[in-house]
Amino acid sequence: MKVFGVDIGGSGIKGAPVDLEVGDLADERFKVLTPHPATPEAVVDCVGQVVEHFGWSGPIGATYPGVVTNGTTRTAANVDQGWLGLDAAKLLSERVGAPVTLLNDADAAGIAEMAFGAGRGRKGTVIMLTLGTGIGSAVFTDGRLLANTELGHLELHGHDAEKKASTKAKEDEELTWEHWAHRVQKYLAHVEMLFSPELFVIGGGVSRKSAKFLPLIEGIRAEIVPAALQNNAGIVGAAMAAAAQD
Ligand code: BGC
């Protein structure tokens, strides 16, 4: 079965039909640059363009980089404030002419990793953390998601953790891998103290460079592995969430 997945991110809005049996894209993905400012109207239109590129009709899953409850976007840490309290799923459905299931981006990535990637078959508490512009989290217990956890905004040494340990912080402050890994280690220790997971899955674009920083992280009891699906996890997870709605 195929369902369409769209990943709404800070730099790009990308999508493709997803083959749900294998958990991979069924076609080469199509991307449009995220408009700035990323107002709901502008972003919704981009999602429409991505869907139209494939001539897709049928259910669609989409990610959003913030809290989403019943299709309404509740937070807007790194996007336009116009998303606050918006029935974004309805707006998207009207634009694409099909039902749209909207969920948090890290939750989507986590769902895909648990089914087809680094978390496959893992019991107990598994925490996926996406390190990018912000820090996203997806918490699973025996494979079941606790949606909309916002562990990226835990306070760490008096700061919003994502402001210190995201890859954006690494770039903005021109941190070395060692320095940044030290911050990530402090952050993981804090999350571990609160949740005692068996496994951390580290996602986001930087997971491709895990060899540069994961070996530098010490003193964490949980196993730490890079995400396996990398860039496509959000698209795959969004499509899976839409299929689960049927
Ligand atoms: C948001 C999360 C999101 C993460 C990654 C954070 O700033 O609060 O909801 O998952 O960024 O995009």
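In listed order, ligands and their atoms are each counted from 1. Just so you know, these numbers use all the heavy atoms, side chains as well, and skip hydrogens, waters and symmetry mates.
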Where ligand 1 meets [X] - atom numbers and elements under 4.0 angstrom, heavy-atom basis:
X    : answer
I135 : 4 (C), 6 (C), 11 (O)
G136 : 4 (C), 5 (C), 10 (O)
H153 : 1 (C), 6 (C), 7 (O), 8 (O)
N104 : 2 (C), 3 (C), 9 (O), 10 (O)

TODO: Select the closest option to atom 5 (C) of ligand 1 among D105, L151, L129, judged by heavy-atom distance.
DONE: D105
Open item on the list: For V68, run the side-chain contact (heavy atoms from CB on, under 4.5 Å) check against T75, L102, D107 and tell me which one passes.
Closed with: L102
Task: Sole residue of D7, V50, L33 in side-chain contact (heavy atoms from CB on, under 4.5 Å) with I13 - done: V50
- [ ] Do me a favour and list the nearest non-hydrogen protein atom to atom 11 (O) of ligand 1 with residue, atom name and distance?
- [x] E162 OE1, 3.7 Å
Open item on the list: Tell me the protein heavy atom at minimum distance from atom 1 (C) of ligand 1, and give that distance in Å.
Closed with: E150 OE1, 3.5 Å
Task: Between T39 and D80: side-chain donor-acceptor atoms closer than 3.5 Å - done: no
- [ ] Give the contacting part of A77 toward ligand 1: side chain, backbone, both or neither, where contact means a heavy-atom distance below 4.0 Å.
- [x] side chain
Open item on the list: Under a 4.0 Å threshold between the charged nitrogen and the carboxylate oxygen, would E150 count as salt-bridged to R74?
Closed with: no
Open item on the list: Over 60° means perpendicular and under 30° means parallel, so tell me whether F30 and F54 are parallel, tilted or perpendicular.
Closed with: perpendicular
Task: Full working for side-chain contact (heavy atoms from CB on, under 4.5 Å) between E155 and H190 - done: CA-CA 9 Å; E155 192 179 302; H190 192 61; over 6 Å; no
TODO: Check whether L216 and I224 end up in the same hydrophobic cluster, where Ile, Leu, Val, Met, Phe, Trp and Tyr are linked by side-chain heavy atoms less than 4.5 Å apart.
DONE: yes
Task: G152 to ligand 1, any heavy atom closer than 4.0 Å - done: no
Open item on the list: Under 4.0 Å, counting heavy atoms only: does T133 come that close to any atom of ligand 1?
Closed with: no
